[in-house]
Amino acid sequence: MKLNGTSRINERGHLEIGGCDTVELARRYGTPLYVMDETLIRENMRTFVRAARETGLRFKVAYASKAFNTMAICRIADEEGLMLDVVSGGELHTALAAGFPPERIYFHGNNKSPAEIEMGLDAGIRLFIADNFTELDLLEAVAAARGMKARILLRVSPGVEAHTHAYIQTGQEDSKFGFDLGSGQVHQAVEKVLKSSAIELEGFHCHIGSQIFGTEAFELAIEKMAALIRDCRRTFGFETRIFNIGGGFGIRYDEEDTPRPVQSLIAGIGQAVKEAFGDMPVPEIWTEPGRAIVGEAGTTLYTVGTVKVVPGIRKYVSVDGGMSDNPRPALYQAKYEGMLANRALEEPEETVSIAGKCCETGDMLIWDIRLPGVRQGDILAISCTGAYNYSMASNYNRLPRPAVVLVRDGEADVVVRRETYDDLIRLDVIPERLRKKDGRETGVEAIGPFRA
Ligand code: LLP
């Protein structure tokens, strides 16, 4: 397993992150446990901001909070001066509750509800990214009813689709997101917005995919968007103030992943922007990475439970979490690396596969990993779980969601508490007609409190 950020092996032969012994963290906070390396998160944010500044453009960085959204990460993004991309009322609520300045928040999504739009307007967020014609109508109606003006970017589907390393060009973009460029929808949308007194157009947005390693697909998208921006100047006399190039910068999950360093990606993007805009005024450029900021900063700790050997075929090692805390292997065949955190210096001696504890055959976290002879009670660490793990976690099989601890300089702080069994039933309601007639609503009081 590649050691990221402040991860290292300490004198006790244990994996240490942020100066904290992970075996100790597992003992203190229980497992599964998400461990987030604050130093690395801040370093990643600073790398983006620095690279953006070095392009010489007016270039702003937002954190795409969908990757990992908690109040603590909102505080960090605020302290580092980033903007924040939210895609739902829930993400917005989290950010506002954390005191993130609304004027640096913007609202994404392909189906914002009237209530979400009201929430954004009332909070005074920077702008909305409008995704389709229905949304334009809705933004206009909601803003007009409040006597307000909704500032927007139009999300454009530029017909460039990025597939990790490679990209394919699609003539007619088949996507639920954005106004289609090829068919002229964007021009219709611009025309419509420019006539509206309740919506103000500030510019355009495009996002071409996620876990992208190179600049080629970005360059193609930038060319197309610059042509659109030039065309809108000519046709409508519209001066684009903001061009948001989206996020999607890839990280290294295992040795097959070879992302270009952020520094060089952003430099390449800056160069592509300058070339594509030529003698046209260059608008403010925005980017909104999620994974590249938090992905490698997260490590999940599990306790090894049962071991099953299928003679001549495979050894299954089961851990106390699984697709409930990391659905990515089951959803995307995502690959991860891992190690025994409590026996980090021991040589690998067997090949095993790591199974989750959910009742689903597909709940496998890692196929074929080399580890020292694994024993019940070992602490297994899986790296690069900072993005889209906690944020996509579920209570499948009624597993309580793990705690999240933020580590830095030998200190560990719980930033999300572990769910308890009582949390799992907190929102359940037993209708009157299903209540037990002996007066006991549940059997829980009779047995005593459970610990998750
Ligand atoms: N901007 C927009 C409009 C997006 O849709 C996304 C991600 C981002 C920014 C941030 O992308 P990032 O820099 O994190 O790649 N659940 C999937 C990833 C879904 C990405 C959704 N959109 C996964 O676990 O791989």
Side-chain angles (χ1 to χ4, degrees), residues 34 41 44-45 47-48 51-52 60-69 73 77 82-88 91 105-112 127-132 135 152-158 160-165 167 173 175-179 204-215 217-218 221 225 242-254 257 259-260 262 265-266 269 285-298 300 323 325-336 365 382 384-394:
Y34 298 111
I41 294 173
N44 290 339
M45 290 179 172
T47 301
F48 270 101
K60 289 191 176 165
V61 181
Y63 168 57
S65 71
K66 72 202 81 180
F68 174 72
N69 188 329
I73 189 85
L82 270 63
M83 291 190 296
L84 200 72
D85 147 1
V86 300
V87 294
S88 70
E91 287 187 355
I105 301 177
Y106 59 89
F107 207 138
H108 255 297
N110 61 304
N111 184 23
K112 297 179 253 319
L127 52 76
F128 294 87
I129 304 208
D131 210 272
N132 51 61
E135 263 197 6
I152 65 159
L153 303 185
L154 289 177
R155 177 164 182 172
V156 174
S157 170
V160 177
E161 207 180 288
H163 289 299
T164 57
H165 322 242
Y167 60 84
E173 182 71 54
S175 160
K176 75 168 180 173
F177 294 113
F179 294 91
F204 300 94
H205 167 279
C206 69
H207 172 78
I208 51 177
S210 206
Q211 186 63 358
I212 303 169
F213 292 156
T215 41
F218 281 108
M225 295 296 286
I242 297 162
F243 168 30
N244 183 330
I245 57 161
F249 309 98
I251 63 167
R252 182 201 174 282
Y253 285 98
D254 73 1
D257 297 332
R260 203 166 138 180
V262 164
L265 268 172
I266 293 294
I269 284 172
I285 304 295
W286 291 8
T287 185
E288 48 192 23
R291 189 191 319 264
I293 285 176
V294 288
E296 293 181 4
T300 310
M323 64 192 296
D325 60 80
N326 183 1
R328 300 191 69 259
L331 264 178
Y332 318 115
Q333 289 80 49
K335 304 278 192 304
Y336 284 91
L365 290 173
I382 295 189
C384 294
T385 58
Y388 305 107
N389 275 225
Y390 170 72
S391 66
M392 291 173 76
S394 76

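Atoms within each ligand, like the ligands themselves, are counted from 1 in listed order.
- Annotation for ligand 1: atoms under 4.0 Å from non-hydrogen atoms of His108 are 3 (C).
- In this structure a side-chain-to-backbone donor-acceptor pair under 3.5 Å is present from Thr287 to Gly246.
- Judged by the shortest distance from any of its heavy atoms, Ala292 lies outside the 4.0 Å radius around the atoms of ligand 1.
- Each of Tyr63, Phe128, Trp286 was evaluated against Tyr106; a single residue qualifies, Trp286, per the ring-ring contact (aromatic ring centres under 6.0 Å, His included) test.
- Annotation: Tyr332 places an N or O atom under 3.5 Å from an N or O atom of ligand 1; distance criterion only.
- In terms of polar-atom proximity, defined here as any N/O pair under 3.5 Å, Glu288 does make such a contact with ligand 1.
- When every heavy atom of Ile129 is checked against every heavy atom of Glu135, the shortest pair comes out as O-OE1, 3.8 Å.
- The protein atom (non-hydrogen) at minimum distance from atom 8 (C) of ligand 1 is His207 CE1, 3.5 Å.
- Among all non-hydrogen protein atoms, the one lying nearest atom 20 (C) of ligand 1 is Tyr388 OH, 3.7 Å.
- Considering every non-hydrogen atom in both Ile208 and Pro158, the closest pair reads CG2-CG, 4.1 Å.
- Listed by number with element, the atoms of ligand 1 under 4.0 angstrom from any heavy atom of Gly290 are 12 (P), 13 (O), 14 (O).
- Of all the atoms in ligand 1, the ones that sit under 4.0 Å from a non-hydrogen atom of Pro289 are 13 (O).
- Of the heavy atoms in Arg328, only side-chain atoms (C-beta onward) come closer than 4.0 Å to ligand 1.
- At least one heavy atom of Gly248 sits less than 4.0 Å from an atom of ligand 1.
- Among all non-hydrogen protein atoms, the one lying nearest atom 22 (N) of ligand 1 is Lys66 CD, 3.8 Å.
- Between Glu91 and Lys66 there is no salt bridge, since no side-chain N of the basic residue sits under 4.0 Å from a carboxylate O of the acidic one.
- Looking only at side-chain heavy atoms (C-beta outward), Arg155 and His207 come within less than 4.5 Å of each other.
- Taking atom 18 (C) of ligand 1 as the reference point, the nearest protein heavy-atom neighbour is Arg291 NH2, 3.6 Å.
- Heavy atoms of Ala67 found under 4.0 angstrom from ligand 1: none, in either backbone or side chain.
- Proximity to Arg155 (heavy-atom distance under 4.0 Å) selects the following atoms of ligand 1: 3 (C).
- Backbone and side-chain nitrogen or oxygen atoms of Ser210 are examined, and one is located within less than 3.5 angstrom of a nitrogen or oxygen of ligand 1.
- Between Leu153 and Phe204, every side-chain heavy-atom pair lies at or beyond the 4.5 Å cut-off.
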Verdict with supporting geometry, Ile105 and Phe107, side chain to side chain contact (heavy atoms under 4.5 Å, CB included): CA-CA 7 Å; Ile105 301 177; Phe107 207 138; over 6 Å; no

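- Two rings, from Phe48 and Phe249, have their centers less than 6.0 Å apart.
- Smallest separation of non-hydrogen atoms from Arg328 and Ala387: CD-O, 4.0 Å.
- In Phe177, neither the side chain nor the backbone holds a heavy atom less than 4.0 Å from any atom of ligand 1.
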